[in-house]
Novice: 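Starting off with a structure, shown below.
These values consider heavy atoms only, across backbone and side chains, with no hydrogens, waters or symmetry-generated copies. We name chains A, B, ... by the order of the sequence lines, and we start the count at 1 in each one.
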Amino acid sequence: MDPRPVSPTVAAPTERDILIVGCGFAGLGMGMRLLRSGRTDFLVLERADDVGGTWRDNHYPGIACDVPSHLYSFSFRPNPDWTRVFSPGGEIQQYLRDCAREEGLLPYIRFGTPMQDARWDEASQRWTVTTPHGLFVSRVLIACPGHLADAHQPDIEGLAGFTGEVFHSARWRHDVPLQGKRIGVVGSGASAIQIVPEMAKVARELVVFQRSAPYIIPRPDRSFSAAERRLYRRDPSAITRARSEIFWGGEHNFIQRRNVPRFVAEAKAMALGHLSAQVPEGPLREALTPRYEIGCKRVLISNEYYPALQHPNVTLEPSALARLDGTEAVAASGRRHAIDVLVCATGFEATRPPFARLIHGRDGQSLDAHWSTGMLAHDSIAVHGYPNLFIINGPNTGLGHNSVVYIIEAQVDYILGALAHAQAHDIAVLEADAQAQDRYMQALDARAQGSVWLAGGCRSWYVDERSQRLTLVWPGYAYAFRDANARFHPDTYLQTPAAAPAHNEETA
Amino acid sequence: MPPPERHPRRSASLLVEGADVRYHVAGDSRPGQPPLVLVHGTTGSTDSHYGYLFPMLAFERQVISVDLAPPPGEAPLTLEQLVRQVEAAIEAAAPGQPVDLCGYSLGAVVAARLAAGQPQRVRALVLVAGWMRTDGHQRLRNRIWRELREAGAESLRSFMMFCAFSAGFIAARTEPELTEMARRITLDAFVDRQMALNAGIDISAQAPAIRATTLVVGCTHDQMVPPEHARLLFAAIDDARYTQIDAGHAVVFERPSELLCQIGRFLDAPHAHAAGSVIAAEQP
């Protein structure tokens with residue numbers, strides 16, 4: 001997809017009723033639903049040159065989704081053509097491109113236009129967004145940053161003097177030759193376990209630096225037959241049934257995260273059984289046995305990772321990467337590994353998302369500063385002091401057990417409800433009430449107590465290190481998120497009426 | 001709200017007409033929220049039929065679950081005996097209080113019969129995969145079951161799974177999983193007496209006396225209590241609403257998360273759907 005030519009920079013800011021920032025699943029879902037609801041007075045600002053968010057950025061060898069595709073897609077845009085239960089990343093990226101094009105959203109997207117700064121102006125009751133291509137002004141700002149948007153690149157001692165190539169898994173360098181090379185992979189999370197089997201096929205030697213062993217369960221993947229795919233096309237109700245089956249199966253597993261002992265034990269037995277079935281007793285199995293409760297970190301799904309670690313050319317280094325030294329990577333254990341290419345599968349900035357540094361509310365404070373003890377939001381979507389701002393995929397919206405697209409759709413419904421409310425009642429400004437926000441956060445914190453995320457004895461990106469609060473994930477069933485947060489709650493907002501004549505302010 | 005820790009469960013026993021009835025209590029009572037009483041079905045217990053639901057429901061409310069028990073002797077089991085066991089457990093765990101009541105399968109029959117007889121005691125009633133009157137289709141299955149049982153047939157457990165679970169659920173399981181599921185089925189003299197009771201259920205005269213705000217849950221692929229039975233219960237009870245879950249009779253194993261969702265929503269706001277409503281399934 002070619003980037004749309006951006007308009008030449010002009011002095012006058014571009015004004016729209018609504019600005020959406022980002023066009024991954026969240027921004028695309030929001031934009032498509034705006035169009036479907038008849039709203040056209042909006043723009044989508046996208047820093048890159050294509051839609052897709054994390055599925056555009058992550059194109060490393062082996063990338064695939066960990067949620068079955070019939071659920072990991074928009075409910076209002078089912079796709080009969082998924083080739084597998086768990087689609088490869090490229091198929092998901094193509095799906096998102098098709099969504100944007102077929103829904104007529106592309107003309108509304110300004111590619112290559114990163115938000116550099118966003119400020120609420122109290123006098124004009126508008127957001128001003130600064131970009132390299134000029135200013136954009138809107139009444140409503142919808143931030144769609146994504147949980148897995150900004151690569152976490154660790155500071156590695158000795159990086160400057162390292163003779164090999166280094167890149168992050170979400171910035172894959174397809175120009176770097178890998179065949180016959182000595183490759184290091186840093187990390188053993190969701191990206192790493194997909195990358196490692198691919199690297200094992202091409203590397204002369206492969207070293208995997210593992211800080212802590214993940215729990216891995218079997219991946220019930222398979223390709224769909226031609227008949228199955230045509231069934232999904234001929235009888236769309238088959239997709240509806242498949243979605244329900246996957247959804248409630250995912251919901252079933254929340255009981256493990258909620259830390260109900262019998263189900264935690266069952267999950268653990270399944271994961272450790274998978275390990276025992278694939279790795280014989282000995283030092284490798286020992287090193288691959290997790291030392292925390294299952295579910296505390298993301299549970300991974302792979303049939304290929306454990307076998308790959310047993311290839312003769314593969315070494316598991318059961319300690320973190322400590323530093324680089326010329327041609328060698330030095331592990332925390334002190335062992336040295338000669339490396340030509342180092343892949344940092346080190347995850348993403350999750351608890352302190354960089355977008356929060358760019359958004360400034362009524363008193364000029366950035367969201368990042370406002371969130372100095374961790375992310376928080378009313379109804380997981382709005383922040384007191386940040387009027388007319390909605391965040392999709394913000395605080396406490398991730399899931400450890402089900403499809404985040406379902407959460408995104410609930411949040412889109414909420415925003416559409418807020419927009420409709422403002423329009424119906426001539427409201428210019430909606431701002432989350434501080435006390436309502438406190439009540440919401442207290443209830444959330446109470447819900448999170450005792451969950452495996454907090455009580456499971458691990459360090460994860462679900463928990464903010466500064467406050468030890470669970471800020472990333474929703475500590476409940478996905479359906480409970482929709483019950484709580486798919487409908488706008490006007491009584492928990494400060495509402496400023498539009499100045500007369502109001503009808504000029506509103507979108508037709 | 002106190003932190004929902006791994007909540008301990010208290011258990012107690014009481015003798016009801018010589019039967020050793022156990023019940024389990026978990027969760028904190030909430031203002032304006034009566035305790036929820038759970039009644040399991042044939043071959044079941046708190047730990048099997050409510051293994052998933054009991055601990056999860058207890059995060060939101062106080063839950064009392066009754067393990068039905070065989071009365072002494074060999075006399076045929078009666079519905080009234082089981083009703084009195086549940087009444088005694090309620091009186092022991094929540095003396096004098098109104099309760100919410102949820103029954104599954106034969107437990108739904110027990111719960112409906114109890115609610116009909118004690119309209120002042122039951123605020124909200126949930127009937128999952130229940131029925132009013134055993135029909136010829138159910139008697140045929142019951143007879144096959146009895147003949148296999150009396151013959152000591154190896155295939156009895158397989159037959160029970162075949163009846164209890166939906167085709168899709170069974171097809172998605174591995175052979176070892178199916179073997180393990182079959183191994184866990186309880187077969188004993190009490191089950192025999194429950195099956196004999198199941199062959200002749202008829203509460204059609206009492207069901208219209210139910211005054212409780214009621215949710216009836218049918219299971220789309222139920223071959224033991226086909227959903228037409230649940231729909232008839234829905235029609236017989238004045239203040240009833242109906243929803244259906246895409247599962248076999250063994251919904252408590254196949255789709256407990258969806259059942260939990262429906263039960264929780266209903267108990268939080270029993271009147272959210274008017275009497276006579278058919279509640280659409282959640283579409284993810």
Side-chain angles (χ1 to χ4, degrees), chain A residues 70-76 78 218 220 237 239-256 258-264 266 270 273 401-403 405-407 409-410 439 442-452 454-455 475-480 482-483 486, chain B residues 1-9 26-28 46-48 50-60 166-169 171-174 176-177 180 184 220-221 244-248 251-269 272 280-284:
Chain A
H70 280 296
L71 183 63
Y72 194 82
S73 41
F74 293 113
S75 64
F76 54 92
S237 75
I239 298 181
T240 307
R241 285 192 296 278
R243 285 178 63 85
S244 290
E245 182 80 30
I246 301 161
F247 179 77
W248 292 112
E251 291 290 75
H252 189 280
N253 294 336
F254 176 68
I255 196 169
Q256 302 162 8
R258 191 42 269 174
N259 217 351
V260 173
R262 167 171 156 189
F263 293 88
V264 174
E266 277 180 14
M270 181 203 252
H401 70 283
N402 219 330
S403 168
V405 181
Y406 175 90
I407 300 292
E409 289 197 41
R439 281 196 304 275
Q442 281 163 15
L444 256 184
D445 286 345
R447 267 191 187 221
Q449 297 308 309
S451 67
V452 282
L454 292 180
Y477 285 93
Y479 76 76
R482 184 177 276 189
D483 285 352
Chain B
M1 182 157 114
E5 299 290 345
R6 294 183 177 204
H7 43 84
R9 114 179 164 185
D28 299 317
T46 298
D47 284 343
S48 63
Y50 292 118
Y52 190 99
L53 291 167
F54 179 80
M56 291 312 299
L57 286 164
F59 281 108
E60 308 289 340
S166 70
F169 187 86
R173 303 273 96 62
T174 62
E177 284 170 339
E180 175 60 17
R184 289 186 189 184
T220 311
H221 311 292
Q244 198 160 297
I245 293 179
D246 243 4
V251 61
V252 291
F253 299 109
E254 287 190 30
R255 285 275 179 102
S257 51
E258 186 172 3
L259 186 55
L260 177 75
C261 168
Q262 293 295 350
I263 293 173
R265 282 178 179 170
F266 171 67
L267 294 179
D268 284 345
E282 169 84 14
Q283 294 296 339

Novice: With a 4.5 angstrom heavy-atom cut-off, could you sort out which part of A:R262 is near chain B: side chain, backbone, both or neither?
Specialist: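 Contact with chain B involves the side chain of A:R262 alone.
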Novice: Side chain from CB out, backbone as N, CA, C, O: work out which of these in B:F169 comes under 4.5 Å of a heavy atom of chain A, or both, or neither.
Specialist: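 B:F169 has no heavy atom closer than 4.5 Å to chain A.
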Novice: Checking B:F253 now: which residues fulfil ring-ring contact (aromatic ring centres under 6.0 Å, His included) with it, not counting sequence neighbours?
Specialist: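 Once residues adjacent in sequence are excluded, B:F253 has no partner under the ring-ring contact (aromatic ring centres under 6.0 Å, His included) criterion.
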Novice: Heavy-atom distances under 4.5 Å only: say whether A:L71 touches chain B with side chain, backbone, both or neither.
Specialist: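 Answer is side chain: those atoms of A:L71 sit under 4.5 Å from chain B.
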Novice: Would you find more than 12 non-hydrogen atoms of other residues, nucleotides or ligands less than 6.0 Å from B:E282 atom CD?
Specialist: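 Counting neighbours around CD of B:E282, more than 12 heavy atoms of other residues, nucleotides or ligands fall under 6.0 Å, so yes.
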Novice: Pick from B:E254, B:Q283, B:R265: which one has the most heavy-atom pairs with chain A under 4.5 Å?
Specialist: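 Answer, by heavy-atom pair count under 4.5 Å with chain A: B:R265.
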Novice: Where on A:E245 is there a heavy atom nearer than 4.5 Å to chain B: the side chain, the backbone, both, or neither?
Specialist: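 For A:E245, backbone and side chain are both near chain B.
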Novice: Please walk me through it: do A:V260 and B:F59 pass side chain to side chain contact (heavy atoms under 4.5 Å, CB included)?
Specialist: CA-CA 11 Å; A:V260 173; B:F59 281 108; 4.1 Å; yes
Novice: When rounded to the nearest 0.5 angstrom, what distance separates CZ in A:F247 from OH in A:Y477?
Specialist: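 Spacing of CZ (A:F247) from OH (A:Y477) equals 11.0 Å.
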Novice: In terms of ring plane angle, is the pair A:F263 and B:Y52 parallel, tilted or perpendicular, where the classes change at 30° and 60°?
Specialist: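 Ring orientation of A:F263 relative to B:Y52: perpendicular.
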Novice: Is it the backbone or the side chain of A:Y406 that comes under 4.5 Å from a heavy atom of chain B, or both, or neither?
Specialist: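 Contact with chain B: side chain only.
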Novice: Flag the pair A:V452 / A:Q256 as yes when at least one side-chain heavy-atom distance between them is below 4.5 Å, and no otherwise.
Specialist: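 No - every pair of side-chain heavy atoms lies 4.5 Å or more apart.
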Novice: Can you say whether B:D268 sits under 4.5 Å from chain A via the side chain, the backbone, both, or neither, judging by heavy atoms?
Specialist: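 B:D268 has no heavy atom closer than 4.5 Å to chain A.
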